[in-house]
There are 2 protein chains.
Amino acid sequence: MRIGEAAKATGLEATAIRFYEKQGVLPGPGRTDSGYRDYTQADVDLLRFVRRARSLEIPLDDVREIVGLRINDQAPCDVVRKVMAREMAAIESRINELEGLRDELARLQMKADEVGDDWPGGACVCPIVEADDFASPKTTAAG
Amino acid sequence: MRIGEAAKATGLEATAIRFYEKQGVLPGPGRTDSGYRDYTQADVDLLRFVRRARSLEIPLDDVREIVGLRINDQAPCDVVRKVMAREMAAIESRINELEGLRDELARLQMKADEVGDDWPGGACVCPIVEADDFASPKTTAAG
DNA sequence: GTTGACCTTCGAGTTACTCTAAGGTTTAAG
DNA sequence: CTTAAACCTTAGAGTAACTCGAAGGTCAAC
C-alpha cells in the first residue's frame, strides 16, 4: 500500500512517516516502479507501534532504539521497561512542576482582581506579575 | 553594569539576555566605549520581569508584547490578564493530558510485570506497549 | 488529454534557548 | 610592560519533533 493508505491505517500523517524514515527510526519500505513508497502489513505494524509509543510521549531516540531491536529480532523488553520508568518519572516531575505553576498563576489572578486597574506608577513593569517574593536583591548593599 | 552582573542580579544567563535582545523582547541597552552592553537599574527591572514571566512559562511572544507596552508607558494589565488566563488554561489542559499518560504508563508497567519476559513471537513489535485497545483496525474487512 | 488527487525531494520554520568558534577588552599579577 | 584569566563581542549551528511550502512527477477518471 502507498503512504497515504498506511497513514490512514495507523493514524500517523504521511509527512510524519517520511520524517521517521529520514530520522532512521523506521527502515525504508519497498518502492513501486515509479518510486512511491510501498508498505507491507509488517511495516504498518511497526508504524502503529511508533504511533503508540509517541502517543505516550516516549522520545523518538528511544523509539528508534526499540524499533532497532525488533528489526534484529531481539526482545526489547528490558529497554522498554527502562524507558517506561524514565518516562513515568519525567511525567510525574512535569506534573508537579505544572501544578506549582497553576497555583502560582491562580494566586496572581486573585491578586489581579484585587489590584483592579490601579497603577502604582512607573516604578514597576507590571504590578500583577511582579511577585512580592521576587523583590530586587540588594546588589549594592553594604557588605 | 555589564551583562554578567545583570545576569547575576536577575538570575538569567547572559546568553539568554542577549537572546531576548536579539528577539526584540528587550531594548538594546547602552554600550560602553569598547562596545560592551551597559545596563541601568531600569534595564535590570525589566530583565527581572522577563525572568519572572518566563518562569511562569508565559510564551516569549506574550512577554515581548507586555514589555513593549511598558516601554511605551502603557499599563499592560489587560494583556497580562488575558495572557494569564490563556496560560492557566494551557497548563490545566497539559496537566490533564499528562495525568492520562501517567495512568496509561502505570497500566502498562503492571502489564509488563505480568508478562515477564514471555515473548509472544514475531507477530508483534512489543507485547508491553502494544495496547489491547490499539488493535489493528480491519482496513480490508468486507464492507 | 487534462484535471485532481496523490506522490517525490529538499529546505526552511517552529520554541526558547544553548553551544561553539573566533576574536576583542579589562583587570590583576609579576 | 607583558601576560594570563576572566570577561565581553558576533555569527551561526544544534536541540525535539515535526509541519509547511515549493517545484515537480504519477496515476485514475472522464
Side-chain angles (χ1 to χ4, degrees), chain A residues 1-26 28-39 43-44 47 49-67 83 86-87 90-91 93-94 97-98 101 139, chain B residues 1-26 28-39 43 47 49-67 83 86-87 90-91 93-94 97-98 101:
Chain A
M1 77 185 71
R2 298 194 308 198
I3 198 169
E5 199 181 338
K8 268 176 204 148
T10 57
L12 288 166
E13 299 232 1
T15 51
I17 296 176
R18 283 192 207 101
F19 172 75
Y20 293 149
E21 180 187 332
K22 196 174 177 185
Q23 295 306 116
V25 173
L26 295 169
R31 296 279 180 148
T32 66
D33 289 348
S34 59
Y36 286 9
R37 288 176 180 78
D38 192 15
Y39 293 89
D43 290 329
V44 169
L47 284 171
F49 169 78
V50 172
R51 167 157 148 65
R52 167 76 170 156
R54 286 295 304 137
S55 79
L56 293 166
E57 303 194 14
I58 289 170
L60 211 44
D61 280 356
D62 295 323
V63 178
R64 175 172 23 229
E65 185 180 356
I66 295 166
V67 168
V83 165
R86 183 152 39 72
E87 184 65 12
I91 285 173
S93 161
R94 182 61 177 152
E97 212 170 41
L98 288 177
L101 290 186
T139 51
Chain B
M1 76 186 70
R2 300 195 307 200
I3 197 169
E5 199 181 339
K8 268 176 204 147
T10 58
L12 288 165
E13 299 230 1
T15 51
I17 297 175
R18 283 191 207 101
F19 172 76
Y20 293 148
E21 180 186 332
K22 196 174 177 185
Q23 295 305 115
V25 173
L26 295 169
R31 296 279 179 148
T32 66
D33 289 348
S34 60
Y36 285 10
R37 287 175 180 79
D38 193 14
Y39 293 89
D43 290 330
L47 283 171
F49 169 78
V50 172
R51 168 159 149 62
R52 167 78 170 155
R54 286 295 305 134
S55 79
L56 293 166
E57 302 194 14
I58 290 170
L60 212 44
D61 280 356
D62 295 322
V63 178
R64 176 170 25 229
E65 186 181 355
I66 295 166
V67 168
V83 165
R86 182 152 41 72
E87 183 64 12
I91 284 173
S93 161
R94 182 62 177 152
E97 212 171 40
L98 287 177
L101 290 186

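- Distances were taken from every side-chain heavy atom of A/Ser34 (C-beta onward) to each of C/dT18, C/dA16, D/dT26; the shortest belongs to D/dT26.
- The separation between A/Ile3 atom CD1 and C/dA5 atom P is 19 Å, rounded to whole Å.
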Salt bridge (charged side-chain N to carboxylate O under 4.0 Å, His left out) evaluation trace for B/Arg94 with B/Glu97: CA-CA 5 Å; B/Arg94 182 62 177 152; B/Glu97 212 171 40; 2.6 Å; yes

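- Base contact: A/Arg18 has a heavy atom under 4.0 Å from a base atom.
- Note that the CG atom of A/Leu26 and the CZ atom of A/Arg18 stand 13.0 Å from one another [nearest 0.5 Å].
- Of the candidates C/dT8, D/dC18, C/dA16, the closest approach to any side-chain atom of B/Leu60 belongs to C/dA16.
- Using modelled atom types, one side-chain atom of A/Asp38 and one backbone atom of A/Met1 make a donor-acceptor pair closer than 3.5 Å.
- Nearer the 5' end of DNA chain C, as judged by each residue's closest nucleotide, is the contact made by A/Arg2, out of A/Arg2 and B/Asp33.
- Rounded to whole Å, atom C1' of D/dC7 lies 15 Å from atom CD of B/Glu13.
- We find that CD of A/Glu5 is positioned 16 Å from P of D/dC27, with the value rounded to whole Å.
- Out of C/dT8, C/dT18, D/dA17, the shortest distance to the side chain of A/Arg31 is found at C/dT8.
- The pair A/Arg37-A/Asp43 fails the salt-bridge criterion, with no side-chain N (NZ, NE, NH1 or NH2) lying under 4.0 Å from an Asp/Glu carboxylate O.
- Nearest-nucleotide mapping onto DNA chain D: of B/Lys22 and A/Phe19, the residue sitting toward the 5' end is B/Lys22.
- Protein atom CD of A/Gln23 is 13 Å distant from nucleotide atom P of C/dC10, rounded to whole Å.
- Checking C/dT18, D/dT26, D/dT9 against the side-chain heavy atoms of B/Thr15 singles out C/dT18 as nearest.
- Residue A/Ala16 places its side chain closer to D/dT19 than to any other of D/dT19, C/dA16, D/dT9.
- Per the geometry, CD1 belonging to B/Ile17 stands 14 Å off C1' belonging to D/dC7, to the nearest Å.
- The CD-C1' distance, from A/Glu21 to C/dC10, rounds to 14 Å in whole Å.
- Contact annotation: A/Arg37 does not reach the phosphate of C/dC7 (side-chain N/O to OP1 or OP2, under 4.0 Å).
- Minimum atom distance to the side chain of A/Tyr36 is reached by C/dC6, of the listed C/dC6, C/dT9, D/dC7.
- Here B/Leu56 contributes atom CG and B/Glu87 contributes atom CD; the two are 7.5 Å apart, rounded to the nearest 0.5 Å.
- Residue B/Asp62 contributes atom CG, which lies 9 Å from atom P of C/dA16 at whole-angstrom precision.
- Separating the OH atom of B/Tyr20 from the C1' atom of C/dT15 is a distance of 11 Å, rounded to the nearest angstrom.
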